[in-house]
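Worth saying up front: this structure is predicted, and the values here are computed from it rather than measured. Whatever order the structure lists them in is the order used to number ligands and atoms, beginning at 1.
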Amino acid sequence: MRIGFVGAGRMAQAIAKGFTSRGIIKSRNIWASDRAEKTLERISTELRINVTHDNREVVEHSDILVLSVKPQVMDTVLAELSDLTDPSKLVVSVAAGVTLDHLQSRLLPDSRVIRLMPNTPILANAGASVYCVGKATKPEDGPLIEALFKSVGTCDYLPENLMDAATGLSGSGPAFIFEAIDAMTSAGVQMGLPLSLAQRLVCQTVHGAGLLALQSGQSPAELRDAITSPGGTTIAGLSELEARGFRAALWQAVMTSAKRSAELG
Ligand code: NAD
């Protein structure tokens, strides 16, 4: 199987690295195009994949074509490639907000199109991806993409009307968690912990809490209550989060991110 990326930025690199490091797709079967010369030089050296300035060349070398440019650039790219994406190719857009109808209307009518929302923890084989399928896809197309992205994390089918919600939650979500990691690390440093140790303690805590929430069968509220003693240290910290609107801020961050995704479509 040959996979091509139009737009070789952070998301494309995360997916390419994830697939090659797991041995899912060989680097010689991966093509990527970009406008930025430096990006192409770097990924050619680091990932040993094939690179070109010519987006159309990538299409010719791909069975699966991933459109990984910013939503604002998508129409330019679609116009450039519209006559090339015949039904022999599977086209996967990872762009926030850009709908299947929009993609389909700018490609050949029978083009097989999938809309996917991955996230960068794919790099650590811990991605969370969701996808929906266009009307001209074959029955095996969705399962193929699902299997590929399950090899670097989780991948779930979603009806398209929930894709923006997932974009706010898992597409942008890593940034919200990085913000929390950074803030907690700073608190540790302020109290005298060495930076690298503080960061490692916080990252391991986030990792462990996530794993426990996934594996325990208990709700996050049950897990929180289980470590919150009356009058203890944890309730003292939780009351601070409550007073400063932590839950409301996170809740609204996800909703606003999802709204922005819908606006980009
Ligand atoms: P990025 O800016 O890192 O990468 C985009 C790349 O496209 C850049 O390298 C740019 O030079 C290139 N480009 C611009 N115009 C081009 C053109 N006409 N032809 C070819 N290449 C061109 O952005 P990113 O973070 O990788 O995001 C790419 C897409 O992935 C976006 O649509 C975004 O919504 C989606 N996405 C990103 C994330 C994330 O965490 N970064 C998560 C999920 C989805």
State whether the side chain of [X] and the backbone N or O of [Y] hold a donor-acceptor pair below 3.5 Å, judged by distance alone.
X: Asp225; Y: Glu222; value: no
X: Asp34; Y: Thr39; value: no
X: Thr20; Y: Ser27; value: no
X: Asn119; Y: Ser170; value: yes

Met117 heavy atoms, cut-off 4.0 Å: which ligand 1 atoms fall inside?
43 (C), 44 (C)
Ligand 1 to [X] polar contact by distance, N or O atoms, under 3.5 Å:
X: Gly171; answer: no
X: Ala96; answer: yes
X: Glu80; answer: no
X: Asn119; answer: no

Nearest heavy atom to [atom] wins, so pick from [options].
atom: atom 21 (N) of ligand 1; options: Gly7, Gly9, Gly127, Ala175; value: Gly7
atom: atom 15 (N) of ligand 1; options: Val73, Thr76, Val94; value: Val73
atom: atom 6 (C) of ligand 1; options: Val58, Ile15, Val69, Asp34; value: Asp34

Shared ILVMFWY cluster between Leu193 and Val202, side chains joined below 4.5 angstrom?
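Unlinked, Leu193 and Val202 end up in two clusters.
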What orientation do Trp31 and His61 show, parallel under 30°, tilted 30 to 60°, or perpendicular over 60°?
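Parallel, since the angle between the ring planes stays under 30°.
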Do Gln199 and Met184 make a side-chain contact, defined as non-hydrogen atoms from C-beta onward lying under 4.5 Å apart?
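They are not in contact (no side-chain heavy atoms under 4.5 Å apart), so the answer is no.
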For a 4.5 angstrom cut-off between non-hydrogen side-chain atoms, does Met74 reach Lys70?
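Result no, sub-4.5 Å side-chain heavy-atom pair not found.
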Residue portion contacting ligand 1 (non-hydrogen atoms closer than 4.0 Å) for [X]:
X: Pro174; value: neither
X: Ser68; value: backbone
X: Asn55; value: side chain

Which protein heavy atom lies closest to atom 42 (C) of ligand 1, and at what distance to 0.1 Å?
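That would be Met11 SD, 3.4 Å.
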Any Thr120 heavy atom less than 4.0 Å to ligand 1
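The answer is yes: ligand 1 sits under 4.0 Å from a heavy atom of Thr120.
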